[in-house]
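Below, chain A is the first sequence line, B the second, and so on; all start at residue 1.
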Amino acid sequence: MLESLESLLTKSLQINHAKQIHALILTNAFRHLQPQLLQLILKTHPYNVQTTTHYIKNIIKYSDNNLDTFSITSTIRFFSKNNNFKHSIKLYAQLHYLGLVPSSFAISSALKCCAKVLDDGVGVLIHTHVFKYGFCDCVYVQTSLVDFYAKLGSMDIARKVFDEMRVKNVVSWNSVLAGYVKCGEIEVAQKVFDEMPERDVVSWNSMVLGYGKVGNMDQAEVLFRLMPQRNAASWNVMISGYANSGLVELARRLFDEMPYKNGVSYVTMITSYSKQGDVEAARKIFAEVKEKGLILYNAMIACYVQNGLPNVAVSLFNKMCQPDVSIQPDKMTLASIISACSLLGDKELVASIESYLSKMAIDIDDHLTTSLVDLYAKSGNIDKAYELFHCLQKKDLVAYTAMILGCGINGRENDAIRLFSEMIDAGVSPNLATFTGTLTAYNHLGMVDNGWRCFMTMQEFGLVPSIDHYAIMVDLLGRAGRLKEAHDLIKSMPMKPHAGVWGALLLGCSLHNHLEFGEVAAKHCMELEPDSTGYCTLLANIYASTGRWADAEKLRKLVRKSVFTKAPGSSWIG
DNA sequence: GTAGGGTTAG
């Protein structure tokens with residue numbers, strides 16, 4: 001029986017056989033055959049990826065560590081191919097733990113995964129194995145090392161490994177080239193490109209990408225026209241290059257011109273239009289695609305969320321989950337949907353997302369955690385937000401900003417300010433949103449001087465205050481009665497103040513009964529928003545409290561009159 | 001080995 005099962009295992013490539021044998025082996029008696037079982041499953045693919053993953057995990061779990069290098073390597077490659085990089089890395093660690101000698105395949109696959117998830121710990125460990133097990137002349141292993149360090153941004157090490165390679169192929173050259181492109185060193189990349197003994201379409205694409213990255217689309221275009229052959233990636237890097245330079249029309253022209261569009265092309269166009277705020281153009285592209293995949297849906301959903309249409313995003317999400325479409329959302333989808341929930345304040349949807357996360361065993365990474373931090377903070381559960389915030393592997397700009405804003409709207413201004421200085425100490429650079437949150441906190445606390453100092457540090461971070469930052473500062477100064485400073489700040493603004501800025505000054509004036517600036521501010525407000533009566537009322541209050549009763553009454557009459565004449569649709573007079 | 005999707009404000 002045992003013998004026949006073993007020979008069956010090696011011979012059986014039929015899917016139905018594979019399933020039967022699988023069932024048999026799981027009945028305990030044949031545990032020792034699990035390495036072969038793994039091979040069988042990986043060779044025949046009797047299940048879909050999800051089920052296969054599930055079984056493989058179980059087989060490994062119950063294998064009593066009797067797996068061999070070959071089965072583990074195949075499994076590492078299976079996980080890697082299905083974007084399950086963390087599992088690949090874990091398995092490589094297990095291989096090492098079992099005292100098995102890794103193959104060149106295991107090493108290069110595991111390094112690839114480390115590069116994908118930027119796991120420098122395991123990656124560097126694998127580098128020591130390369131020496132230990134003597135893979136110094138294996139071009140695949142060495143190239144994976146170059147690629148790993150290049151992706152990590154450690155170009156000096158990548159270069160060192162590359163220079164020491166005795167045998168190099170075009171992929172090795174492309175790896176260093178892509179590394180220099182990635183960190184924006186286009187001159188060095190150009191030098192590498194010139195030195196290359198052989199170039200293929202990937203080399204050319206990297207150069208086109210590199211020039212696009214540094215904003216030199218002219219040179220990118222020159223290379224694009226010059227390259228001996230193009231593939232879809234060539235067109236796509238040009239499209240995203242133009243899109244990232246804000247030249248969406250040129251991107252679109254190439255998109256229309258390209259002979260064979262693929263999924264990436266559509267997604268690139270949708271994302272470009274999304275960044276431009278042109279939701280309708282993005283939606284048209286989306287509608288054009290016949291076979292819609294997960295990434296396309298993700299791009300469209302993100303577009304809706306980012307452009308203030310969370311409800312549309314949620315309905316598209318619901319559509320993709322329906323049986324006739326039946327696309328499994330992943331953590332990217334969920335990050336956008338959580339953001340939508342946060343904007344909508346939809347408690348029911350939040351509950352269903354939470355159960356989905358646990359049911360589908362979604363890998364909750366820092367990105368996803370950050371969107372949850374924002375969600376809980378915005379919905380008032382600041383303790384839970386804090387808890388998740390502390391669970392983050394790496395607290396980045398977005399996480400700090402979400403937390404600072406969250407504290408601000410939950411009355412924890414002191415926490416917001418503390419988090420701000422914590423983030424600066426941690427070497428994380430704030431952006432405009434961070435300052436919005438922090439300045440708002442100072443504003444609520446009425447801490448004028450600290451707020452002012454904070455405002456002044458914006459330029460140290462290379463930031464130009466937006467109109468809203470000015471509005472917060474005017475509000476802060478105005479409430480504190482420092483009306484001249486507020487007025488001076490408005491006059492110094494490089495952009496035209498909107499009604500919110502003047503309104504903040506007017507509010508300050510009404511709190512402190514300051515007529516001179518109050519009249520100036522009110523005049524601007526009424527010019528900018530002639531339909532709004534609130535400004536008249538504020539000015540009338542100033543008149544009244546400074547004893548100018550006649551002016552006050554005149555304005556109030558005006559207000560009453562306009563209430564009766566304006567906006568008939570919303571008026572009870574009808 | 002090159003190209004595409006996610007999180008923070010308004």
Exercise. Strictly under 6.0 Å, is that where the ring centroids of A:F435 and A:F455 end up?
Worked result: no
Exercise. Is the phosphate of B:dG6, meaning OP1 or OP2, less than 4.0 Å from a side-chain N or O of A:Q306?
Worked result: yes
Exercise. Under 3.5 Å, is there an N or O donor on one side and an acceptor on the other linking the side chain of A:D365 and the base of B:dG6?
Worked result: yes
For this session: Would you indicate which nucleotide in B:dG5, B:dT8, B:dT2 comes nearest to any side-chain atom of A:T271?
Result: B:dG5
Exercise. Given B:dA3, B:dT8, B:dT2, which nucleotide is nearest the side-chain atoms of A:V264?
Worked result: B:dA3
For this session: Nearest whole angstrom, please: distance from the P of B:dG6 to the CG of A:L368.
Result: 14 Å
For this session: May I ask you to decide whether A:K160 forms a salt bridge with A:D156, counting only side-chain N to carboxylate O separations under 4.0 Å?
Result: no
Seminar exercise, completed: Output for pair (A:D200 CG, A:M227 CE), nearest 0.5 Å, gives 9.0 Å
Problem set entry | Rounded interatomic separation in angstrom, taking CD1 from A:I338 and P from B:dT8 | 10 Å
Exercise. Taking it one step at a time, do A:M196 and A:V170 satisfy side chain to side chain contact (heavy atoms under 4.5 Å, CB included)?
Worked result: CA-CA 8 Å; A:M196 287 176 79; A:V170 66; 4.2 Å; yes
Exercise. Any idea which of B:dA3, B:dA9, B:dG5 is nearest the A:V237 side chain?
Worked result: B:dA3
Exercise. Is there a residue in residues 284-295 of chain A whose heavy atoms reach under 4.0 Å of DNA chain B, and which residues are they?
Worked result: A:L294, A:I295
Problem set entry | Aromatic centroids of A:W204 and A:F193 separated by under 6.0 Å | yes
For this session: Sequence neighbours left out, what passes side-chain hydrogen bond (donor to acceptor under 3.5 Å, both in side chains) with A:R77? Give chain and number order.
Result: none
Exercise. Looking for any heavy atom pair under 4.0 Å, which part of the strands does A:L296 touch: base, sugar-phosphate only, or nothing?
Worked result: nothing
Problem set entry | N or O in side chain of A:K378 less than 4.0 angstrom from B:dT8 OP1/OP2 | no
Exercise. B:dT8, B:dT7, B:dT2: which one has an atom nearest the side-chain heavy atoms of A:S206?
Worked result: B:dT2
For this session: Just call it for A:I239: base, sugar-phosphate, or nothing, with non-hydrogen atoms closer than 4.0 Å on any strand.
Result: nothing
For this session: Find the distance A:K261:NZ to B:dG4:C1' and express it as a whole number of Å.
Result: 15 Å
Problem set entry | Nucleotide B:dT8, atom P - distance to CE of A:M423 in whole Å | 15 Å
Seminar exercise, completed: Side-chain contact check for A:N236: nearest option of B:dT2, B:dA3, B:dT8 is B:dA3
Exercise. Would you say the side chain of A:N298 and the base of B:dG4 hold a donor-acceptor pair, judged only by whether the two atoms sit under 3.5 Å apart?
Worked result: no
For this session: Rounded off to whole Å, could you give me the CE-to-C1' distance for the A:M238 and B:dG4 pair?
Result: 17 Å
Exercise. Ignoring hydrogens and angles, does a donor from either the side chain of A:N231 or the base of B:dA3 sit under 3.5 Å from an acceptor on the other?
Worked result: no
Problem set entry | Ring centre gap for A:F286 and A:Y266 strictly below 6.0 Å | no
For this session: Give the rounded distance in Å between these two atoms: OH of A:Y304 and C1' of B:dT7.
Result: 21 Å
Problem set entry | Pair A:W235 and A:F255, ring centroids less than 6.0 Å apart | no
Problem set entry | Listed partners of A:D415 passing side-chain hydrogen bond (donor to acceptor under 3.5 Å, both in side chains), at least two apart | A:Y386
Using distance only, find each side-chain donor-acceptor pair of residues 288-301 of chain A under 3.5 Å and give its atom names and separation, not counting sequence neighbours.
{"from": "A:K292", "atom 1": "NZ", "to": "A:V289", "atom 2": "O", "distance (Å)": "2.9"}
{"from": "A:N298", "atom 1": "OD1", "to": "A:T333", "atom 2": "OG1", "distance (Å)": "2.7"}
{"from": "A:N298", "atom 1": "ND2", "to": "A:D330", "atom 2": "OD1", "distance (Å)": "3.2"}

For this session: Measure the distance from CE on A:M207 to C1' on B:dT2 and round it to the nearest whole Å.
Result: 12 Å
Problem set entry | Gap between atoms CG and C1', on A:L388 and B:dT7 respectively (whole Å) | 13 Å
For this session: Would you indicate what A:T436 reaches in the nucleic acid, counting non-hydrogen atoms under 4.0 angstrom: base, sugar-phosphate, or nothing?
Result: base
Exercise. Is A:S339 near enough to B:dT8 that one of its side-chain N or O atoms lies under 4.0 angstrom from OP1 or OP2?
Worked result: yes
For this session: Between B:dT8, B:dT7, B:dA3, spot the one nearest the side chain of A:N262, thanks.
Result: B:dA3
Problem set entry | Pairs satisfying side-chain hydrogen bond (donor to acceptor under 3.5 Å, both in side chains), at least one member in residues 105-118 of chain A, at least two apart | none
Problem set entry | Nearest-neighbour nucleotide for the A:L209 side chain, B:dT8, B:dT2, B:dG10 considered | B:dT2
For this session: Would you classify A:K112 as touching base, sugar-phosphate or nothing, given that sugar-phosphate means primed atoms plus P, OP1 and OP2, and contacts are heavy atoms under 4.0 Å?
Result: sugar-phosphate
Exercise. Ion pair present between A:R225 and A:E221, side-chain N to carboxylate O less than 4.0 angstrom?
Worked result: yes
For this session: Name the closest nucleotide to the A:A302 side chain, picking from B:dT8, B:dG5, B:dT2.
Result: B:dG5
Exercise. Across the strands shown, which category fits A:D330 at heavy-atom distances under 4.0 angstrom: base, sugar-phosphate, nothing?
Worked result: base
For this session: Look at the side chain of A:A402 and decide which nucleotide, out of B:dT8, B:dT2, B:dT7, has an atom nearest to it.
Result: B:dT8
Problem set entry | Residues from residues 140-157 of chain A lying under 4.0 Å of DNA chain B - heavy atoms | A:D147, A:K151
